[in-house]
Amino acid sequence: MTLLHDLTVAQLATKLRQKEVSAVEAARHFLGRGRSHRELGAYLATDEDVTLAQAGAADRRIAAGDTAPLLGVPIAHKDIFVTKDFPSTAGSKMLEGYRSPFDATVVRRLAEAGTVTLGKLNCDEFAMGSSNENSAYGVVKNPWDRARIPGGSSGGSAVAVAARLAPAATGTDTGGSIRQPASFCGITGIKPTYGRASRYGMIAYASSLDQAGPMARTAEDCALLLSAICGPDPDRDSTSLDVPAEDFTRALGGSIEGLRIGVPKEFLAEGVSADVRAAVDAALAQYEKLGAKRVAISLPRTELSIPVYYIIAPAEASSNLSRFDGVKFGHRAKQYGDLLDMYRKTRTEAFGLEVQRRIMIGTYVLSHGYYDAYYLQAQKIRRMIADDFQQAFTQCDVIAGPVAPTVAWKLGEHGDDPLADYLADIFTLPGSLAGLPGMSIPCGFGHAGMPVGLQLIGNYFQEGRLLNAAHRFQQATDFHLRKPEGVL
Ligand code: GLN
């Protein structure tokens, strides 16, 4: 018999609808797992009363004959989404104990779909990071090897799913924060086209890049959740696109015979470790067996995506984070002189080092005299990177390659060398800068038995095609079903 926590979202939802298990039972089970795996550091906040009340409401909807596809399914949210029933910290001391008066649109839409919230998940402070080590609330341990990072910034989300503390979780991806932790923890995640998911109530990092998406064990589960997450939100997010919500599960099951998979030569060049390359190559061979065709392509500005992203994202962050001034939100220094001193002390005390670094970089590149040299140049190259993708999509239907150059590294390994983290983002940044949908699917194991993820990037609004390609792969492989040793 499959354990309750080993069921996929799709399987659990079916059992809930057939009343083989109640939403309250499912919620209790996962709350219990969260309690007994505190040492992983995944959860930042839980509230059993809130969770069980939501589960009770889901059970009543089920009893009344409601057959909504996600009804009663417990999930957890990255703590970058504001929630009225749980504190929202963005992994920062700045927002310690902060309670939002409203739910983020993504949270609200998932609640309306009948999901039950298990709690809030750890993440890098304001989603800035690639290892989850920038959280003010402690590290998150990778269940495949607890001495290793889970990836970031959605590290808590990836660990909750990989360790079966939740069947699925939300994440956000600005430059790879859904795909990279999914890859490092052996789960599946998708970041939709920029603008398909509302950013309302997502604590802002870099607004022209931030995008929400689901993290789960299978592509099918991601399709179910993404269908609830996406959709226009014209009154609350002016960058949300007027593209109707879609049932992405309908895209699953189609043939991938003749699908042209473009493999950018820059994605398998020097710098990619041998284990990752081998797993990705094997995955591409698997796709060929399934009838897809491998096409060599080039994304010539791949390397430039690092400086471009690390100018644009901090620039936007420096502006977004100016709201944390000790007056409007969160922390305020206890002792200060005049107003400026209050700002200075508040922000020095409550922002972590990485956040302070980015605010400084961002302020610098936007300042008079440097704006043209850095920010404007970065914007121009960003456009070229997006154009390179359009050129590539004349030759292929989806693009595939590694998510990251290596498997998850050791906790503390990058020490206080932020550049080491930045460089590891090289393969997720280009798609982010172009606003394209991208996903990560488990495709093998590398060094030290750590999971390796295959990245699939699609053209705008091709989420269905990506999910189907991922689903096909998962029907033919079992990497996504493997469980970390020690997770029972
Ligand atoms: N690692 C990248 C950064 O630190 C991406 C983070 C993200 O996608 N939120 O900015």
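In listed order, ligands and their atoms are each counted from 1.
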S.K.: Is the distance between the ring centroids of Phe267 and Phe427 under 6.0 Å?
M.R.: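 Centroid separation for Phe427 and Phe267: below 6.0 Å.
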S.K.: Distance under 4.0 Å to a non-hydrogen atom of Tyr205: what atoms of ligand 1 satisfy this?
M.R.: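 The list of qualifying atoms is 3 (C), 9 (N), 10 (O).
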S.K.: Tell me whether the rings of Phe351 and Phe126 are parallel (<30°), tilted (30 to 60°) or perpendicular (>60°).
M.R.: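 Ring orientation, 0 to 90° scale: perpendicular.
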S.K.: Is a side-chain N or O of His37 found less than 3.5 angstrom from the main chain of Arg33, in a donor-acceptor match?
M.R.: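 Checking the backbone N and O of Arg33 against the side chain of His37, a donor-acceptor pair under 3.5 Å is found.
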S.K.: Out of all atoms in ligand 1, which are within 4.0 Å of some heavy atom of Ser153? Include the element for each.
M.R.: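 Once the distances to Ser153 are compared, the set is 9 (N).
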S.K.: Can Glu246 and Arg196 be counted as an ion pair, charged N to O under 4.0 angstrom?
M.R.: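 Looking at Arg196 together with Glu246, the answer is yes, because their closest N to O distance falls below 4.0 Å.
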S.K.: Would Tyr422 count as a contact residue for ligand 1, given that I'm defining contact as a non-hydrogen atom of the residue lying under 4.0 Å from a ligand atom?
M.R.: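 No, Tyr422 has no heavy atoms under 4.0 Å from ligand 1.
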S.K.: Would you mind listing which atoms of ligand 1 come within a distance below 4.0 Å of any non-hydrogen atom of Ala127?
M.R.: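 Near Ala127, meaning under 4.0 Å from one of its heavy atoms, ligand 1 has 6 (C), 7 (C), 9 (N).
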S.K.: What part of Asp425, side chain from CB on, backbone N/CA/C/O, both or neither, has a heavy atom under 4.0 Å from ligand 1?
M.R.: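 Asp425 to ligand 1: side-chain contact only, backbone stays beyond 4.0 Å.
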S.K.: Backbone, side chain, both or neither: what part of Ser177 comes under 4.0 angstrom of ligand 1, heavy atoms only?
M.R.: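 For Ser177, the contact with ligand 1 is made by both the backbone and the side chain.
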S.K.: Looking at Lys345, I want to see if its NZ is surrounded by more than 12 non-hydrogen atoms of other residues, nucleotides or ligands under 6.0 Å.
M.R.: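 Count over threshold, so yes.
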S.K.: Do any N/O atoms on Met128 end up under 3.5 angstrom from N/O atoms on ligand 1?
M.R.: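 No - when backbone and side-chain N and O of Met128 are compared with those of ligand 1, no distance drops under 3.5 Å.
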S.K.: Quick check: Thr172 and ligand 1, any N/O pair under 3.5 Å apart?
M.R.: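 No, there is no polar N/O contact under 3.5 Å.
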S.K.: What orientation do Tyr422 and Tyr310 show, parallel under 30°, tilted 30 to 60°, or perpendicular over 60°?
M.R.: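 Correct class here is parallel.
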S.K.: Less than 6.0 Å separating the ring centroids of Trp144 and Phe184?
M.R.: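 No - the distance between ring centres of Trp144 and Phe184 does not fall below the 6.0 Å cut-off.
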S.K.: Checking salt bridge (charged side-chain N to carboxylate O under 4.0 Å, His left out) between Asp173 and each of Arg179, Lys191, Lys78, which is the one that passes?
M.R.: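 Running salt bridge (charged side-chain N to carboxylate O under 4.0 Å, His left out) over Arg179, Lys191, Lys78 with Asp173 returns exactly one hit, Arg179.
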S.K.: Could you check whether Asp325 pairs with Arg347 (Lys NZ or Arg NE/NH1/NH2 to Asp/Glu carboxylate O, under 4.0 Å)?
M.R.: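 Not counted as a salt bridge, because no side-chain N and carboxylate O are separated by less than 4.0 Å.
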S.K.: Could you list which atoms of ligand 1 come closer than 4.0 Å to a heavy atom of Gly129?
M.R.: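 In order of number, 1 (N), 2 (C), 3 (C), 4 (O), 6 (C).
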S.K.: Tell me whether Arg383 is salt-bridged to Asp387, with the criterion being a basic N under 4.0 Å from an acidic carboxylate O.
M.R.: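 Looking at Arg383 and Asp387, the cut-off is met.
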S.K.: Going by the atom numbers of ligand 1, which of them fall below 4.0 Å from some non-hydrogen atom of Gly175?
M.R.: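 Listed by number with element: 5 (C), 7 (C), 8 (O).
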S.K.: Please could you name the atoms of ligand 1 that Tyr310 approaches to less than 4.0 Å, counting only its heavy atoms?
M.R.: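 What qualifies from ligand 1 is 1 (N), 2 (C), 3 (C), 4 (O), 10 (O).
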S.K.: Within less than 4.0 angstrom of ligand 1, does Ala313 place any heavy atom?
M.R.: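 No; Ala313 lies far enough from ligand 1 that no heavy-atom distance drops under 4.0 Å.
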S.K.: Which bit of Phe126 gets closer than 4.0 Å to ligand 1, counting heavy atoms only: side chain, backbone, both or neither?
M.R.: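 Answer for Phe126: neither.
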S.K.: So, does Arg358 sit close enough to ligand 1 that a heavy atom of it is under 4.0 Å from the ligand?
M.R.: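 In this structure, Arg358 qualifies as a contact of ligand 1 - some heavy atom is under 4.0 Å.
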S.K.: What protein heavy atom sits nearest atom 5 (C) of ligand 1, and how far away is it?
M.R.: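 Of the protein heavy atoms, Tyr309 OH, 3.3 Å lies nearest.
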